[in-house]
Amino acid sequence: MHGGLESVRVVLPGDEVMSYNPDTSEGSIYLGPGLRWEDGMVRAAKAGLLKKTPRQLYFVDTHQKRYIPQRREYVIGIVTKKKGDIYKVDIGGSEQATISFLSFENASKKTRRDLALGDLIYGQLIVANKHMEPEMVCIDAYDRAMGMGVLPAGGVMFSVSLQVAREIINPESPFLLTLSKKVKYTVVVGMNGRVWVKATRQNNMVALMNCILMLEYMTPEEANDKALKVLEALML
């Protein structure tokens, strides 16, 4: 177990994970990427390592960069096109997402937020299925931004595998806290494998990026042990 995540077993597509009937089974479970429920049985939809969180969220962890949009996930997108009152946003999936100019805090027809092509947006997907294009918003159910919106200029965005994104977004993961011991920074992580960091100096951001990319080739424990040494070397 690491950071509250429990590794259950390796699964292949079609493997039976567990039987679950919402009417008779005790407690609730939540299914994440790589799993599907049908006829009372949870099955794996892709190969990887089945993991479980303390909140009974199950998902298949696999090393991939292609993002499959999932409802309620937070992602970082790039504005690519404007069409009327709708903007097209690249979220790294097979289809681009859409976002309305009204999907921002305090937005109205009189106080609309104009986006520029290339702007980076951090938001949540409220529609994501195979029959409809993904839809993105930057407000919660109470019309509050809660940290979502257009990311400020001066930061740097880079891509990691979805596995690494899930690792560093875990609130119990010590990796980002280790980096903060050496340098002050702001980080935003999207479940679509995009990471945005901002620090006071350019070389600090490059150093942070290289430290996070170490997770692609090292275990979290190995990367955590070497992070401060790498930061010291790259920030000279």
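We use all heavy atoms of the structure for the numbers below, so side chains are in, but hydrogens, waters and symmetry mates are not.
In this view, V10 and L49 satisfy the side-chain contact (heavy atoms from CB on, under 4.5 Å) rule, not counting sequence neighbours. Not a single side-chain hydrogen bond (donor to acceptor under 3.5 Å, both in side chains) links N204 to another residue, sequence neighbours left out. The side-chain hydrogen bond (donor to acceptor under 3.5 Å, both in side chains) test applied to S161 returns E216, not counting sequence neighbours. Remark: K182 engages no residue in a side-chain hydrogen bond (donor to acceptor under 3.5 Å, both in side chains) (not counting sequence neighbours). For Q96, the side-chain hydrogen bond (donor to acceptor under 3.5 Å, both in side chains) test picks out T80, with sequence neighbours left out.
A 6.0 Å sphere centred on CE of M146 holds no more than 12 heavy atoms belonging to other residues, nucleotides or ligands. Within 6.0 Å of CZ on R72 lie no more than 12 heavy atoms contributed by other residues, nucleotides or ligands.
Of the possible polar contacts, none joining the R43 side chain to the E16 backbone as a donor-acceptor pair under 3.5 Å is found. In this structure a side-chain-to-backbone donor-acceptor pair under 3.5 Å is missing from Y58 to L35.
For the side chain to side chain contact (heavy atoms under 4.5 Å, CB included) criterion with V79, the lone passing option out of I99, D119, D90 is D119.
Using a cut-off of 4.0 Å between Lys/Arg side-chain N and Asp/Glu carboxylate O, E73 and R166 are scored as not salt-bridged.
Grouped with L177 in a hydrophobic cluster is no other residue, since no side-chain heavy-atom contact under 4.5 Å to another Ile, Leu, Val, Met, Phe, Trp or Tyr is found.
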